[in-house]
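Note that ligands are numbered from 1 as they come in the structure, with each ligand's atoms numbered from 1 the same way.
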Amino acid sequence: MKPTLRFIHCADLHLDSPFKGIGSGLSSRLSKDIMESTFQAFERVISHALENEVDFVLMVGDLFDQDGRSLKAQIRLKKGFETLHKAGIEVFLSHGNHDHTGGSFYPVKYPANVTIFNEESVSTVPFYKNGEHAANIQGFSYSRRAIYEEKAAEYERTSEDVYHIGLLHGSIATNTDHDVYAPFRISQLNEAGHDYWALGHIHKRQILQEEPPVVYPGNIQGRHHKEDGAKGCYLVDLEDTETTLTFLPTHSVLFQQITFDVSHIHTFSELHDEVDKWKEENRKVYGPMIFKIKIEGHLDGDEMREEALNSLVDVWNDKEEEEEAWMWLQDIVVHSTPSWDREELKQGAHFVADLIRLIDESDEVDSMLAELTTHKQGRRYVGTFSEEEKKEIISEAESYLLKSLLQEGRSE
Ligand SMILES: [Mn+2]
């Protein structure tokens with residue numbers, strides 16, 4: 001029987017992320033909380049490791065946000081490693097596309113409990129538990145911004161009868177949403193015969209395969225609204241016969257979209273009370289939080305909607321900087337039930353009908369968005385759009401057009 005191993009698997013720490021475009025309109029205290037959030041999240045990883053008395057911690061790439069690693073990030077990292085060192089906890093880490101080893105950075109010496117897979121070819125490092133050889137850990141680092149080669153074939157079990165764990169920062173070959181670096185297929189990973197695949201690169205948490213586990217823990221702190229919901233790391237209990245994964249949250253600021261059904265209320269004033277009540281009930285659950293509200297339904301005074309909503313956002317955010325668990329509303333979107341019957345309009349023999357038919361037939365949304373998604377700077381902010389987001393964009397544009405056209409028709 002092999003001994004049970006307990007470890008933490010995290011990735012994509014992105015320490016010292018600049019949070020560009022997030023801080024506008026925020027008080028200095030709140031922006032400070034946001035700027036500190038990646039560090040706070042890292043400290044929570046360390047606390048989880050101590051509380052759960054793990055054998056080691058795996059960090060699979062993108063520890064830093066930029067290839068010019070900030071000195072602050074490196075020193076904070078070092079401090080965390082020293083805490084683990086005192087508790088006898090080892091760290092195995094690799095660098096990814098964001099913090100590749102070819103970047104320029106201040107030399108910082110980490111304590112002796114830290115093993116870095118510095119080479120671009122996969123290498124093997126043994127882990128000893130109570131003096132006994134218990135695992136072979138394999139990994140590699142990016143030496144440049146992009147690695148397109150397949151790395152899976154470089155991982156091989158050794159002849160030693162110990163656990164084999166692979167650290168791999170890369171994307172599944174079929175992924176079309178992200179830059180596909182170090183592509184792999186699950187079948188290739190299975191061929192290697194490892195007991196656990198510790199992945200990094202994709203910021204959304206996902207278990208690609210249960211047994212043997214192939215796992216993206218996601219990043220430890222969201223950086224914008226596309227990285228919403230709880231963020232964290234996995235606590236892994238690796239046994240001879242089964243593996244148990246427990247998600248442990250680490251984020252210190254939550255990004256979240258909240259949907260309100262307003263079919264039972266009629267005025268903006270009622271909406272104000274509704275959201276206020278919700279905030280107080282949920283502050284301890286969610287805060288600190290940057291959130292968006294989506295409203296489904298219709299409110300009286302819709303023609304003044306924009307002004308009304310702007311005022312409400314100000315009122316809701318007004319006292320937030322006094323709160324420990326603050327809830328900062330960044331945006332509010334209304335999906336109102338249209339006053340027209342789309343299908344009926346579409347049957348007509350007029351311009352609006354032509355327009356609706358054109359919208360239904362058009363498949364040009366990708367080329368229309370290309371200007372944004374392929375723009376060198378723009379794509380860093382908008383990334384890619386999911387099918388659902390594309391539908392939403394089309395539907396918003398349609399509502400806007402129909403509303404203007406139909407209203408204008410009436411006033412003539
Ligand atoms: Mn990353």
Side-chain angles (χ1 to χ4, degrees), residues 8-22 34-35 37-42 44-45 57-70 73-74 76-77 80 91-103 105 116-117 120 139-148 151 166-173 175-184 197-208 214-234 247 249-253 255 373 376-377 379-384 386:
I8 275 183
H9 168 201
C10 67
D12 298 278
L13 287 72
H14 287 265
L15 292 175
D16 217 2
S17 276
F19 289 93
K20 280 183 197 149
I22 297 289
I34 295 168
M35 294 304 287
S37 62
T38 51
F39 295 113
Q40 288 297 325
F42 168 66
R44 284 176 193 186
V45 172
V57 176
L58 304 177
M59 298 185 167
V60 192
D62 288 1
L63 278 71
F64 306 102
D65 192 61
Q66 280 144 4
D67 50 13
R69 307 171 191 174
S70 86
Q74 290 200 87
R76 295 284 286 267
L77 195 68
V91 178
F92 297 89
L93 70 87
S94 64
H95 292 296
N97 50 307
H98 272 268
D99 57 349
H100 63 89
T101 57
F105 42 85
I116 305 178
F117 291 95
E120 197 180 300
F140 73 97
S141 282
Y142 285 52
S143 65
R144 52 207 147 99
R145 229 174 238 115
I147 289 190
Y148 299 107
K151 302 296 284 184
L167 272 61
L168 173 54
H169 190 90
S171 351
I172 195 154
N175 185 322
T176 51
D177 283 353
H178 294 80
D179 295 321
V180 179
Y181 296 149
F184 62 85
W197 280 99
L199 305 179
H201 185 47
I202 303 298
H203 290 185
K204 186 174 160 39
R205 181 169 73 252
Q206 44 198 316
I207 295 173
L208 298 181
V214 178
V215 179
Y216 280 117
N219 50 348
I220 61 170
Q221 164 64 50
R223 297 170 307 151
H224 43 73
H225 278 285
K226 286 194 175 179
E227 298 180 349
D228 62 353
K231 293 287 185 179
C233 58
Y234 276 109
F247 173 70
T250 56
H251 64 264
S252 73
V253 174
F255 284 86
T373 53
K376 197 165 178 290
Q377 258 112 40
R379 63 189 295 234
R380 287 175 50 193
Y381 298 99
V382 298
T384 49
S386 66

- Using 2.8 Å as a strict upper limit, say whether an N, O or S atom of H98 approaches the Mn ion (ligand 1) that closely. no
- Query: Closer than 2.8 Å to the Mn ion (ligand 1), do we get an N, O or S atom from H14, backbone or side chain?
  - Reply: yes
- Message: What verdict does the side-chain contact (heavy atoms from CB on, under 4.5 Å) test give for R223 and K20, after you've listed the backbone C-alpha separation in whole Å, the side-chain angles of each residue and the deciding distance to 0.1 Å?
- Response: CA-CA 9 Å; R223 297 170 307 151; K20 280 183 197 149; over 6 Å; no
- Item | Worked check of side-chain contact (heavy atoms from CB on, under 4.5 Å) between F117 and L167 | CA-CA 9 Å; F117 291 95; L167 272 61; 4.0 Å; yes
- the Mn ion (ligand 1) -> D12, closest N, O or S atom is OD1
- Do F42 and T250 have side-chain heavy atoms sitting under 4.5 Å apart? no
- Closest N/O/S atom of D62 to the Mn ion (ligand 1), by atom name? OD2
- Query: Under 3.5 Å, is there a donor-acceptor pair between the N219 and E227 side chains?
  - Reply: yes
